[in-house]
J.: 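Before anything else, here's the structure in question.
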2 protein chains.
Amino acid sequence: MPRGNGQGPVWWHGRFKGCGYRITVGREVILDVLTKADRHLSAEDIYMKVHAAYPAIGLTTIYRTLEILVNMGLVFKFDFGDGRARYELAEGSNRSTHHHHLICTNCKRVVDYTDFIDDEIELLHKTEKGLSDKYNFTITNHLIQFYGLCDKCKKRK
Amino acid sequence: MPRGNGQGPVWWHGRFKGCGYRITVGREVILDVLTKADRHLSAEDIYMKVHAAYPAIGLTTIYRTLEILVNMGLVFKFDFGDGRARYELAEGSNRSTHHHHLICTNCKRVVDYTDFIDDEIELLHKTEKGLSDKYNFTITNHLIQFYGLCDKCKKRK
DNA sequence: GCTATAAATGGAAATGATTTTCATTAACAG
DNA sequence: CTGTTAATGAAAATCATTTCCATTTATAGC
């Protein structure tokens with residue numbers, strides 16, 4: 001099924017095997033859904049898409065696979081404040097450029113933005129360096145989110 | 001009980017009444033616990049502290065009060081990834097300076113840091129301005145967290 | 001290709017933080 | 001002091017996520 005993009009074996013197979021994980025149909029399909037996703041999906045979103053093509057794959061497998069993917073750093077897990085986690089392929093695959101989120105605290109709408117990313121990244125690198133030196137952490141990731149009221153919700157108030 | 005700090009009526013009473021909320025013993029005690037807290041508390045943490053002095057106050061009231069406080073902007077709500085929310089008095093009261101968080105993804109330890117805050121704030125203001133113009137959001141808040149492995153967890157791996 | 005073995009799986013049940021329900025209590029405007 | 005309505009506690013409900021366990025499947029070694 002997902003045969004990559006003509007550049008040989010699927011990009012994540014190597015990393016998976018390297019970690020001692022097996023390549024299964026469920027994992028292929030989940031990765032495929034994530035690769036094609038154009039927005040942040042919840043576990044249930046992913047389940048529904050997967051289920052449409054492969055009804056045998058259960059929700060439990062979705063959760064288990066997502067946990068592995070997050071731990072491996074292939075997928076980011078976000079909390080936008082509506083009680084369910086959202087998942088998004090990390091950069092480094094063939095999709096997704098680095099971005100941050102702008103979240104409406106009223107309707108929970110999420111805007112991905114890439115503006116100012118360069119400045120942010122530069123500062124982040126400096127901060128990461130400082131923090132890891134001072135607190136002796138190995139920093140692997142960061143999260144930046146802005147909260148506010150979106151266009152529509154402003155008008156309703 | 002909480003009589004403020006000698007500067008007249010308790011600082012948040014005005015804001016509370018202004019929003020049409022009543023001042024109750026439960027709310028007084030909860031705010032008091034938050035004011036004295038020196039770290040991020042979960043709803044249950046707060047409940048236990050409150051319960052010690054006022055056993056009549058239930059967990060439900062804690063959750064309901066926290067929701068109000070978060071909506072009013074008096075309290076920040078955080079997700080550090082361990083399945084329970086943490087609450088922290090917003091700045092503007094008498095405690096807490098603006099800070100961000102450094103989180104160990106393994107043991108969930110959280111370090112508050114204030115280093116580099118000035119540079120961060122400057123960039124944040126610039127970004128907030130740009131984002132609110134471009135996406136027509138009214139930005140009220142932001143979240144910055146760094147993730148990594150702490151000192152102890154690094155050694156164990 | 002075949003087989004043994006351990007990883008992966010699905011479905012049901014468990015978990016656990018948070019929310020809702022509803023009858024009772026308490027704040028406070030007048 | 002009193003009526004009105006918000007606030008409350010206890011128990012039940014919710015609901016995303018996790019765990020359990022018997023079954024299936026990937027794959028290393030032949």
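Within every chain, numbering begins at 1; the chains are lettered A, B, ... in the order of the sequence lines, protein sequences first and strands thereafter.
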J.: Using whole Å, what does the distance between atom P of nucleotide D:dT8 and atom OH of B:Tyr54 come to?
T.: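 So the OH-P distance, B:Tyr54 to D:dT8, works out to 14 Å.
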J.: Check this one for me: any side-chain N or O of B:Arg27 less than 4.0 Å away from OP1 or OP2 of C:dA27?
T.: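 It does not, given that no N or O in the side chain of B:Arg27 lies less than 4.0 Å from OP1 or OP2 of C:dA27.
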J.: Classify B:Arg64 by what it touches in the nucleic acid, base, sugar-phosphate, or nothing, heavy-atom distance under 4.0 Å.
T.: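 Touches a base.
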J.: Taking only residues two or more places apart in sequence, or in another chain, which ones meet B:His125 in a ring pair (Phe, Tyr, Trp, His ring centres under 6.0 Å)?
T.: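 Ring pair (Phe, Tyr, Trp, His ring centres under 6.0 Å) list for B:His125, sorted by chain: empty.
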J.: I'd like to know if the side chain of B:Asn106 pairs up with that of B:Lys152 as donor and acceptor (distance under 3.5 Å, no hydrogens or angles considered).
T.: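 There is no such pair (donor and acceptor under 3.5 Å, judged by atom type) between the side chains of B:Asn106 and B:Lys152.
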J.: If a pair satisfies salt bridge (Lys or Arg N to Asp or Glu O under 4.0 Å) and one of its residues is in residues 67-85 of chain B, list it, with sequence neighbours excluded.
T.: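 For residues 67-85 of chain B, and leaving out neighbouring residues, the salt bridge (Lys or Arg N to Asp or Glu O under 4.0 Å) pairs sorted by first residue read B:Asp82-B:Arg86.
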J.: Ignoring hydrogens and angles, state whether a donor on the side chain of B:Glu120 or B:Tyr113 is under 3.5 Å from an acceptor on the partner side chain.
T.: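 Side-chain D/A pair, B:Glu120 to B:Tyr113: present.
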J.: Does B:Lys129 NZ have over 12 foreign heavy atoms under 6.0 Å away?
T.: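 No, the 6.0 Å shell around NZ holds no more than 12 heavy atoms from other groups.
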J.: Could you write out each protein N or O paired with an N or O of nucleotides 16-18 of chain D at a distance under 3.5 Å?
T.:
unit_1: D:dA16; atom_1: OP1; unit_2: A:Arg84; atom_2: NH2; d: 2.6
unit_1: D:dT17; atom_1: OP1; unit_2: A:Ala85; atom_2: N; d: 3.0
unit_1: D:dT17; atom_1: OP2; unit_2: A:Tyr63; atom_2: OH; d: 2.5
unit_1: D:dT17; atom_1: O5'; unit_2: A:Tyr63; atom_2: OH; d: 3.3

J.: What is the distance from CZ of A:Phe16 to C1' of C:dA7, rounded to the nearest Å?
T.: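 Distance, rounded to whole Å: 12 Å.
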J.: Rounded to whole angstroms, how far apart are CD on B:Glu28 and P on D:dT8?
T.: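 Between P of D:dT8 and CD of B:Glu28: 11 Å.
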J.: Donor-acceptor pairs under 3.5 angstrom involving side-chain atoms of residues 141-148 of chain B: please list them, not counting sequence neighbours.
T.:
unit_1: B:His142; atom_1: ND1; unit_2: B:Glu128; atom_2: OE2; d: 3.3
unit_1: B:His142; atom_1: NE2; unit_2: B:His98; atom_2: NE2; d: 3.3
unit_1: B:His142; atom_1: NE2; unit_2: B:His100; atom_2: NE2; d: 3.3
unit_1: B:Gln145; atom_1: OE1; unit_2: B:Tyr147; atom_2: OH; d: 2.7

J.: Among residues at least two apart in sequence or on other chains, which ones pass ring pair (Phe, Tyr, Trp, His ring centres under 6.0 Å) with B:Phe80?
T.: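 Applying ring pair (Phe, Tyr, Trp, His ring centres under 6.0 Å) to B:Phe80 gives B:His40, B:Phe78, B:His101.
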J.: Let me know the distance between CG of B:Leu41 and P of C:dT18, rounded to the nearest Å.
T.: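 After rounding, the gap between these two atoms is 13 Å.
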J.: Send over the distance from A:Asp82 CG to D:dC15 C1', rounded to a whole Å.
T.: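 Distance, rounded to whole Å: 12 Å.
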J.: More than 12 foreign heavy atoms under 6.0 Å from NZ of B:Lys108: is that the case here?
T.: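 Counting other residues, nucleotides and ligands, NZ of B:Lys108 exceeds 12 neighbours.
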J.: Take the protein atom CG of B:Asn71 and the nucleotide atom P of C:dT19, then report the distance between them rounded to whole Å.
T.: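 It is 11 Å, rounded to the nearest whole Å.
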J.: Give each protein N/O atom lying under 3.5 Å from an N/O atom of nucleotides 28-30 of chain C, with the pair distance.
T.:
unit_1: C:dC28; atom_1: OP1; unit_2: B:Ile23; atom_2: N; d: 2.9

J.: Rounded to whole Å, how long is the line connecting atom NE2 of B:His13 with atom C1' of C:dA27?
T.: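 One finds 13 Å between C1' of C:dA27 and NE2 of B:His13, rounded.
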J.: Is it true that B:Asp45 and B:Lys49 make a salt bridge, defined as a side-chain N closer than 4.0 Å to a carboxylate O?
T.: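 No.
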